[in-house]
2 protein chains.
Amino acid sequence: MASDSLPEKKRISESTIHRLSLYYRALTVLEKEGFETVSSKGLAKREKLTPAQVRKDLSFFGSFGTRGLGYPVVELRDKISQILGIDRSWRVALVGIGNIGSALVSYKEFQKQGFQIVKLFDNDQRKIGSNHKGIVVSDIKNLANELEPDNIEMVVLAVPATVAQYIVDDIVKAGIKAILNFAPVNLKVPDDVFLRNENMSMELEYLSFALVNDHIPKRVR
Amino acid sequence: MASDSLPEKKRISESTIHRLSLYYRALTVLEKEGFETVSSKGLAKREKLTPAQVRKDLSFFGSFGTRGLGYPVVELRDKISQILGIDRSWRVALVGIGNIGSALVSYKEFQKQGFQIVKLFDNDQRKIGSNHKGIVVSDIKNLANELEPDNIEMVVLAVPATVAQYIVDDIVKAGIKAILNFAPVNLKVPDDVFLRNENMSMELEYLSFALVNDHIPKRVR
DNA sequence: ATTTTCTTGTGAAGCATTTCACATATTTGA
DNA sequence: TCAAATATGTGAAATGCTTCACAAGAAAAT
Ligand SMILES: NC(=O)c1ccc[n+]([C@@H]2O[C@H](COP(=O)([O-])OP(=O)(O)OC[C@H]3O[C@@H](n4cnc5c(N)ncnc54)[C@H](O)[C@@H]3O)[C@@H](O)[C@H]2O)c1
Ligand SMILES: NC(=O)c1ccc[n+]([C@@H]2O[C@H](COP(=O)([O-])OP(=O)(O)OC[C@H]3O[C@@H](n4cnc5c(N)ncnc54)[C@H](O)[C@@H]3O)[C@@H](O)[C@H]2O)c1
């Protein structure tokens, strides 16, 4: 036959990616605690997962363990950080320097993890020009000029829900491909833009449901 | 036979519960826009889901639609709010009045949605006694006395990761059954306590992974 | 009244994810 | 050196979740 289907890129589930974050965090702690190796069982226990789940997740990306011994803590952590792309730093812009936005700018852990907030935007005249942790707030009007994908790789959106779609449209136009949105609204973006939503109300509603229905879900994430 | 297995309580998946939140939000918007009914197709489109998914989710809880017509917007919204348990208000305590904690207290939407923050705790002498939106910050030392499950039904935890487990132990001891945690740490709680984590780093790491791997997950939540 | 159109509700099929179970590799202890 | 213990990596089975597809009910059109 002339054309077999192209070797399709292996697709990883969202859950696996989230668990990689958990493993990464656990391994960081294990290193601090002085462990040199850890078994899938040990790792699983820390994150309330099964050993098989841990092994399967890691197996999507390679073989990192030693039979009879387990995984080398530091090596595995470094490997996961490569997989997640957090073995480098990311330049992040933050739009909306309100309650949540200010909390995010002040949060030093992001910086340490390599998510560097390097640009701030707002439309409030009292905020524009002001200084937050060494960064001067730019006027949102200049977003198109000042948001270069060469420079900024991710945008965190912390503006009111009512304006979020307009702003996201501009962000997309500027060529940004990754957005973390805090506004409780379903934003429309093209297929090649990665959008994640942080929806706190949803988690409170989940708790409400759980209390009212005394609910244990089939599968806990 | 003497004993058939008890009619097991229908377990609903986490995804379905989260989608109920989305439907609720969409229906609120639809009502404002003046729609009296909406089809599963219409609802699906707004939330980037399939009509079958919408119908299946709702079918777990009953039959709310009319064939040939769709679902009555207001009625369905009210029904979902009953299912989620948000047709009432919840009394919430917030522990840790720092960057995130302050943002949450100032957020009026929670109040509107029925999540009433009615008690604040911190261990910082400069914060204890101070007033946030009409609530005086209590000393964390008094948590055991002042956190009565009769009065407080949920706790939001916004303290440093290093102390989160100690505090959560006290919260559990006080009899609280629902906790929303912002600290990036895997907290241990008994099986009858519902715990949800809000982990922003995880979402940034997801975006990082997506950019590095040009990744579209198998299933988008 | 009757037909056509629309749309729900739901088993069943299809697909994704988790768990099982074991061959295999390595370490540990005797 | 060898046996026992440990623990990975992975097909296959089991479980869970989503989508299909269609019968059936209701509305709209004729
Ligand atoms: N505060 C919370 O605890 C919380 C919780 C959950 C969700 N959220 C959501 O996060 C978002 C931000 O919430 P917040 O409490 O920080 O609100 P906020 O009002 O304190 O901050 C919003 C900021 O966006 C700016 N802004 C408004 N319009 C803008 C525009 N067109 N361009 C640029 N900047 C603009 C405002 O000047 C302000 O600084 C909202 O969508 C809110 O629903 C907040
Ligand atoms: N700020 C952010 O944007 C952000 C983002 C993601 C996660 N988080 C997490 O949320 C949590 C809070 O972050 P933050 O930035 O608001 O930190 P913060 O230091 O500003 O606030 C923490 C608050 O907890 C109080 N606290 C400390 N120990 C306490 C104790 N034993 N009992 C009671 N209160 C105590 C402090 O006094 C302070 O008010 C942290 O776990 C952090 O990792 C924060």
Can you give one letter per nucleotide of nucleotides 24-30 of chain C, going 5' to 3': B for a protein heavy atom under 4.0 Å from the base, S for sugar-phosphate only, - for none? BBB----
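Applying the side-chain hydrogen bond (donor to acceptor under 3.5 Å, both in side chains) criterion to Gln165(A), with sequence neighbours excluded, gives Asp169(A). Every residue meeting the salt bridge (charged side-chain N to carboxylate O under 4.0 Å, His left out) condition with Arg77(B), not counting sequence neighbours, appears here in chain and number order: Glu31(B). Not counting sequence neighbours, the partners of Glu47(B) by the salt bridge (charged side-chain N to carboxylate O under 4.0 Å, His left out) test are Arg25(B). Residues satisfying the side-chain contact (heavy atoms from CB on, under 4.5 Å) test with Ser201(B), not counting sequence neighbours, are Phe110(A), Gln113(A), Asn199(B), Glu205(B). Listed by chain and residue number, Lys177(A) satisfy the side-chain hydrogen bond (donor to acceptor under 3.5 Å, both in side chains) test with Asp192(A) (two or more places apart in sequence, or in another chain). Under the rule for a side-chain contact (heavy atoms from CB on, under 4.5 Å), the partners of Asn99(B) that lie at least two apart in sequence or sit in another chain are Ala103(A), Ser106(A). The side-chain hydrogen bond (donor to acceptor under 3.5 Å, both in side chains) search around Gln82(A) returns none, not counting sequence neighbours. Scored by the side-chain contact (heavy atoms from CB on, under 4.5 Å) test, Lys41(A) finds Ser39(A), Pro51(A) as partners (sequence neighbours excluded). Shown here are the side-chain hydrogen bond (donor to acceptor under 3.5 Å, both in side chains) partners of Glu75(A), two or more places apart in sequence or in another chain: there are none.
The distance from atom CG of Asp57(B) to atom P of dT10(C) is 13 Å, rounded to the nearest whole Å. In this structure, CD1 of Ile17(B) is placed 14 Å from C1' of dC17(D), rounded to the nearest angstrom. Distance CZ (Phe60(A)) to P (dT19(C)): 12 Å, rounded to an integer number of Å. We find that CG of Leu58(A) is positioned 16 Å from P of dA7(D), with the value rounded to whole Å. For the pair Lys56(B) NZ and dC20(D) P, the computed distance is 13 Å after rounding to whole Å. Atom P of nucleotide dC15(C) and atom CZ of Arg11(A) are separated by 14 Å, given to the nearest angstrom. For the pair Phe61(A) CZ and dG9(D) P, the computed distance is 14 Å after rounding to whole Å. Lys79(B) has its NZ atom 16 Å from the C1' atom of dG9(C), to the nearest Å.
Of the candidate nucleotides dC20(C), dG11(D), dC20(D), dC20(C) has the atom lying nearest to any side-chain atom of Ala52(A). Residue Arg55(A) places its side chain closer to dC22(C) than to any other of dT19(D), dC22(C), dG11(D).
Near DNA chain C, meaning a heavy atom under 4.0 Å from it, residues 33-43 of chain B has Ser39(B), Ser40(B) in order of number.
Arg19(B) has a side-chain polar atom (N or O) that falls below the 4.0 Å cut-off from OP1 or OP2 of dT18(D). Put simply, Tyr71(A) has a side-chain N or O that comes within less than 4.0 Å of OP1 or OP2 on dG9(D). In this model, the phosphate group of dT19(C) is approached by a side-chain N or O of Gln53(A) to a distance below 4.0 Å at OP1 or OP2. Applying the 4.0 Å criterion to OP1 and OP2 of dT18(D), one finds that Thr50(B) has every side-chain N and O outside that range.
Contact check on Glu153(B) versus Arg88(B) returns a salt bridge, with a Lys/Arg side-chain nitrogen under 4.0 Å from an Asp/Glu carboxylate oxygen.
No side-chain donor from either of Arg196(A) and Asn181(A) sits under 3.5 Å from a side-chain acceptor of the other. If you check the side chains of Asn186(B) and Arg46(A), you find no donor sitting under 3.5 Å from an acceptor.
Where the helix from dA1(C)-dT30(D) to dA30(C)-dT1(D) starts and where it ends, the local axes point in directions that differ by 10°; five pairs per end, rounded to 10°.
Judged by closest nucleotide on DNA chain C, Gly70(B) is the one of Thr16(A) and Gly70(B) placed further toward the 5' end.
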